[in-house]
Amino acid sequence: MSAADSGPDAVTRAKHARRTPPPHGQQRLSRRGWTVVASGVFVLVFGLIGAFVRVPYVAIGPGPTYDTLGNVDGAPVIQINGQQTYPTAGELRMTTVSLNDQISLFGALGLWASGRYALAPREEYFKPGESDEQVQQENVKEFQDSQSNAEVAALKHLGYPVKVLVQEVVSGSPADHLLSAGDRLLVVNGKSIAQEEDVRAALAGTRAGQTVSLTFQHGNDAPRTGSLTLAANPDPKQEQGFMGLQPIDRADVPFDVKVSLQKVGGPSAGLMFALAIVDRLTPGAMVSGEHVAGTGEIDEKGNVGAIGGISFKVIGAREAGATVFLTPATNCAEATAAAPSGLKLIKVTSLDSALTALEDLKAGKATPSC
């Protein structure tokens with residue numbers, strides 16, 4: 001610095017020069033400014049992730065309900081053609097659970113915070129590598145099986161006969177070269193077949209390598225007889241010979257029962273279908289104006305088994321106006337903990353127990369409760 005630039009005035013000019021902003025277009029952000037920008041970018045990125053990136057969870061909540069005595073999209077849920085039916089009254093409402101696996105982080109948090117939905121890991125409902133289409137196919141098959149089981153249970157209760165069909169043939173098994181799915185079994189190893197238990201009884205005491213004869217019917221063809229050589233049973237607990245087929249009871253009636261309900265999956269509607277079939281085929285109203293809902297998987301013998309999601313089903317039932325809920329006995333504790341006010345829970349173990357409970361309800365008698 002020269003002598004001319006020394007002294008207090010020179011120091012003042014130097015400080016002023018350092019505070020002078022850069023020319024227009026060359027402003028620089030302060031540290032605080034950069035912090036604000038970085039925070040904004042972080043919030044934006046987090047918002048985009050929360051709004052659009054799917055999380056590996058599913059949201060489970062109350063689903064729609066359907067009156068099995070009523071209509072859906074203009075068509076009766078239960079259609080019986082070729083047989084006299086009777087007027088009904090009231091409702092027999094099947095319940096469902098909604099499941100949404102297309103959820104974002106924010107969506108999942110919102111559903112959870114609502115208290116109406118629960119979150120569960122996706123792998124509990126979707127197997128690794130399984131596509132949505134495969135899951136849908138499995139659900140549809142379970143639903144169709146529940147319809148068939150409900151029909152058999154209801155018609156057996158009403159005294160109609162059943163027939164035994166081949167539900168499935170194991171590939172490469174002794175039966176594979178002789179039978180097909182859908183064939184009717186008439187005689188196995190010299191024993192007449194009237195129900196599926198008869199097939200197992202006919203093979204009692206047999207061994208691998210033994211030849212047995214079968215009389216069966218394919219579609220409307222004439223019955224034919226063939227033979228097969230039994231294989232070793234893959235189940236070490238079963239000592240009898242192995243044919244390689246799964247028998248199943250089906251109704252043997254000259255009329256058709258059809259369930260017209262689409263986009264519903266799973267096996268838990270079986271009980272309510274069976275009750276609706278019995279109600280339509282018998283004089284008098286089963287529920288006499290009551291709004292009854294329920295759930296329960298059913299087998300061909302009419303046994304009612306446990307189902308999932310009952311805590312959501314009781315909520316959906318009450319919101320649909322039901323005052324009575326038919327509850328599988330093994331689901332009673334969970335249903336009791338979640339049941340809304342005004343919903344009476346009736347414990348059932350079978351189709352017969354459900355029918356008896358509804359008769360008692362109509363007569364004003366006590367019913368088994370959870």
Side-chain angles (χ1 to χ4, degrees), residues 65-96 140-165 195-196 248-262 264-305 307 317 322 324-328 346 348-359 361-362:
T65 67
Y66 304 92
D67 179 17
T68 57
L69 297 177
N71 297 342
V72 172
D73 296 331
V77 174
I78 303 291
Q79 301 181 58
I80 300 176
N81 302 312
Q83 180 70 3
Q84 181 180 1
T85 58
Y86 299 89
T88 62
E91 294 181 350
L92 286 171
R93 192 167 286 276
M94 57 166 281
T95 52
T96 67
V140 169
K141 184 180 184 305
E142 288 180 343
F143 187 66
Q144 292 171 341
D145 289 343
S146 75
Q147 297 174 27
S148 298
N149 291 345
E151 179 183 350
V152 172
L155 296 181
K156 286 177 73 173
H157 170 82
L158 295 173
Y160 289 99
V162 298
K163 56 187 175 182
V164 181
L165 303 182
Q195 55 186 355
E196 65 171 285
I248 190 169
D249 289 338
R250 287 293 175 255
D252 187 18
V253 293
F255 56 88
D256 296 323
V257 178
K258 180 182 178 183
V259 177
S260 299
L261 196 59
Q262 305 297 323
V264 177
S268 62
L271 172 62
M272 304 311 290
F273 286 148
L275 290 171
I277 293 169
V278 172
D279 199 7
R280 287 200 173 276
L281 288 173
T282 52
M286 180 182 294
V287 292
S288 189
E290 290 276 0
H291 295 282
V292 177
T295 188
E297 185 174 358
I298 199 168
D299 64 17
E300 303 99 320
K301 299 174 183 61
N303 299 312
V304 174
I307 52 83
V324 176
F325 193 91
L326 302 178
T327 311
I346 294 181
V348 298
T349 57
S350 65
L351 174 60
D352 287 346
S353 73
L355 289 167
T356 299
L358 290 176
E359 289 176 3
L361 180 70
K362 186 166 63 172

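None of these values were measured; they are calculated from a predicted model. When a residue number appears, it is its place in the shown sequence, counting from 1.
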*asked:* Quick check on the 6.0 Å ring-centre criterion: do Y66 and F273 meet it?
replied: no
*To the nearest 0.5 Å, what is the distance between CG (D256) and CD (Q79)?*
10.5 Å
*Nearest 0.5 Å, what's the OG1-CG distance between T68 and L92?*
4.5 Å
Please find the pair of heavy atoms, one from [X] and one from [Y], that lie closest to each other, and give the distance.
| X | Y | value |
| --- | --- | --- |
| P76 | S260 | O-CB, 3.5 Å |
| K156 | Q195 | NZ-OE1, 4.4 Å |
| K362 | A285 | NZ-O, 2.8 Å |

*Derivation of the side-chain contact (heavy atoms from CB on, under 4.5 Å) call for I78 and I80*: CA-CA 7 Å; I78 303 291; I80 300 176; 4.2 Å; yes
*asked:* Under the side chain to side chain contact (heavy atoms under 4.5 Å, CB included) test against F325, which residue among I346, V292, T95 passes?
replied: T95
*Pick one: which of T295, L271, L275, V264 meets side chain to side chain contact (heavy atoms under 4.5 Å, CB included) with M94?*
V264
May I have the list of side-chain donor-acceptor pairs in residues 248-255 shorter than 3.5 Å, sequence neighbours left out?
unit_1: D249; atom_1: OD1; unit_2: E196; atom_2: N; d: 2.8
unit_1: D252; atom_1: OD2; unit_2: R184; atom_2: NH2; d: 3.3

No-hydrogen, no-angle side-chain donor-acceptor test under 3.5 Å, [X] and [Y]:
| X | Y | answer |
| --- | --- | --- |
| T65 | R93 | yes |
| Q83 | Y160 | yes |
| E297 | S268 | no |

*Apply side-chain contact (heavy atoms from CB on, under 4.5 Å) to the pair V287 and E91, showing each step before the final yes or no.*
CA-CA 7 Å; V287 292; E91 294 181 350; over 6 Å; no
